[in-house]
Amino acid sequence: MAQPQVTIDLGKIEHNARSVVELCGKHGIEVTGVTKCVCGNPEVARAMLRGGVASIGDSRLENIRRLKAAGVDTPYLLLRLPPLSGVEAVVELTRISLNSELAALEGLSEAASRQGRVHDVILMVDLGDLREGIWPDELPPVARRALGLPGIRLVGLGTNLACFGGVVPGEDNMNRLVELAEGVERSSGRTLKWISGVNSSGLDLIASGRMPPRVNHARIGEAILLGRETIHRRPWPGTFQDAFVLYAEVLEVKKKPSLPLGERGEDAFGKRPSFEDRGVAARALLNVGREDVDVEGVRPLDQRLRIIGASSGYLVVDVSGAEGGVRVGDELAFSLNYGALLAAMTSEYVKIQPVGKDPGAGPA
Ligand SMILES: *Cc1c(COP(=O)(O)O)cnc(C)c1O
């Protein structure tokens, strides 16, 4: 294996999806499985769908295009705000999009009318996380305008928390979301089909039974992929945390001092690294680096190993704890957090290797 590799256990993804879907289902919440962290990988999307998610959401049109080209047949939800320059593609590729700008709604309306389709929209309100969303007092006029536009159908209200500001979803902000949705319903005389409350950060709230009953939609990525809720990053009960494993090959093993020799300036990334003096220790150089993963987000599965640092193409690992057990040509295994997984899936130097059955792929 000349390239580092990420293996994906599709059975574990399916299991995790089923576990999350069952929990949410008990509380009247439908789940959209989110594939943006795996660049819209079709095998992963199919595993999520086998596990029972109702639809697939992604933040990038390129990913949705790839999924559709691979024959993954499901309603698609665009999670990132539609680009004005891409409204035609949004209408063509997705059933529903999350929106906060009137200009984009107008663009979608025109595109949908041109294409003879109806495009569903969920309006996003910002309840304090300070990423996307309409500020609540500006919601009524935007909703009124959206309701009057041909070609688009306002089907819901949503919010996204815990992504930018780290705001925790709780009864207060979720009740506020329901209240805002009911305000739109009162003034328009229409019912909103969806109240889209949470991502993986909302599982605790759902499981504890404190989610307001009208919240009926969740967009879940990390909890299905990595088996964690995202407020404390605790393993989520009934899910696997190791569906993804990174393997990298050892290119060099040498005993070297733990402190660099000579006068020291900046490293390759403009930082001044500091090192702990642990005397002479066995170090391994692996064929994966900052170009491929977020080094802070990978952990050796063998607890005796310790990551010392990395450059663009090398990961440097202290292997002295393994007592000579690590040799040139060996493969070492690592777990990945969300950021590291995203980077590894995006790197064109990392081979992605789904393992397990993918019945949707058809005969080989
Ligand atoms: C990424 C994203 C999600 C999924 O978040 P997870 O923490 O992976 O569950 C949900 N909603 C929106 C709007 C997103 O951008």
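Every number for a ligand or one of its atoms is a count from 1 in the order of the listing.
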A student checking ligand 1 against Ile220 at a 4.0 Å heavy-atom cut-off should list atoms 9 (O)
Counting from 1 in the order shown, the ligand 1 atoms closer than 4.0 Å to a non-hydrogen atom of Lys36 are 1 (C), 2 (C), 3 (C), 14 (C), 15 (O)
Under 4.0 Å between a Lys/Arg side-chain N and an Asp/Glu carboxylate O for Lys68 and Glu92? no
Fill in: Audit row: Leu67, Thr35, side chain to side chain contact (heavy atoms under 4.5 Å, CB included) steps and yes/no
CA-CA 10 Å; Leu67 287 160; Thr35 50; 3.9 Å; yes
Legend entry - Sidechain-backbone polar pair: Asn173 side chain, Val168 backbone, donor-acceptor under 3.5 Å: yes
shortest atom 4 (C) of ligand 1-to-protein heavy-atom contact is with Arg219 O, 3.6 Å
Evaluate Arg131 for polar contact with ligand 1, using N/O atom pairs at a separation under 3.5 Å.
yes
For atom 6 (P) of ligand 1, the closest protein heavy atom turns out to be Ser200 OG, 3.5 Å
Check this for me, if you would: do Glu222 and Lys36 make a salt bridge, where the nitrogen-to-carboxylate-oxygen distance has to be below 4.0 angstrom?
no
Counting from 1 in the order shown, the ligand 1 atoms closer than 4.0 Å to a non-hydrogen atom of Glu132 are 13 (C)
Do any N/O atoms on Glu222 end up under 3.5 angstrom from N/O atoms on ligand 1?
yes
Sequence neighbours excluded, the answer for side-chain hydrogen bond (donor to acceptor under 3.5 Å, both in side chains) partners of Arg210 is Ser208
Joining Ile, Leu, Val, Met, Phe, Trp and Tyr whenever any side-chain heavy atoms lie under 4.5 Å apart, the cluster holding Phe240 also takes in none
**Message:** Does Phe275, at its CZ atom, have more than 12 non-hydrogen atoms belonging to other residues, nucleotides or ligands within less than 6.0 Å?
**Reply:** yes
Q) Is there any N or O on Cys163 that sits under 3.5 Å from an N or O of ligand 1? A) no
shortest atom 12 (C) of ligand 1-to-protein heavy-atom contact is with Asn160 OD1, 3.5 Å
The protein heavy atom nearest to atom 5 (O) of ligand 1 is Asn199 CB, 3.4 Å
* If you measure from the Lys or Arg side-chain nitrogens to the Asp or Glu carboxylate oxygens, is any gap between Asp302 and Arg304 under 4.0 Å? -> yes
Item to check | Any Arg80 heavy atom less than 4.0 Å from ligand 1 | outcome: no
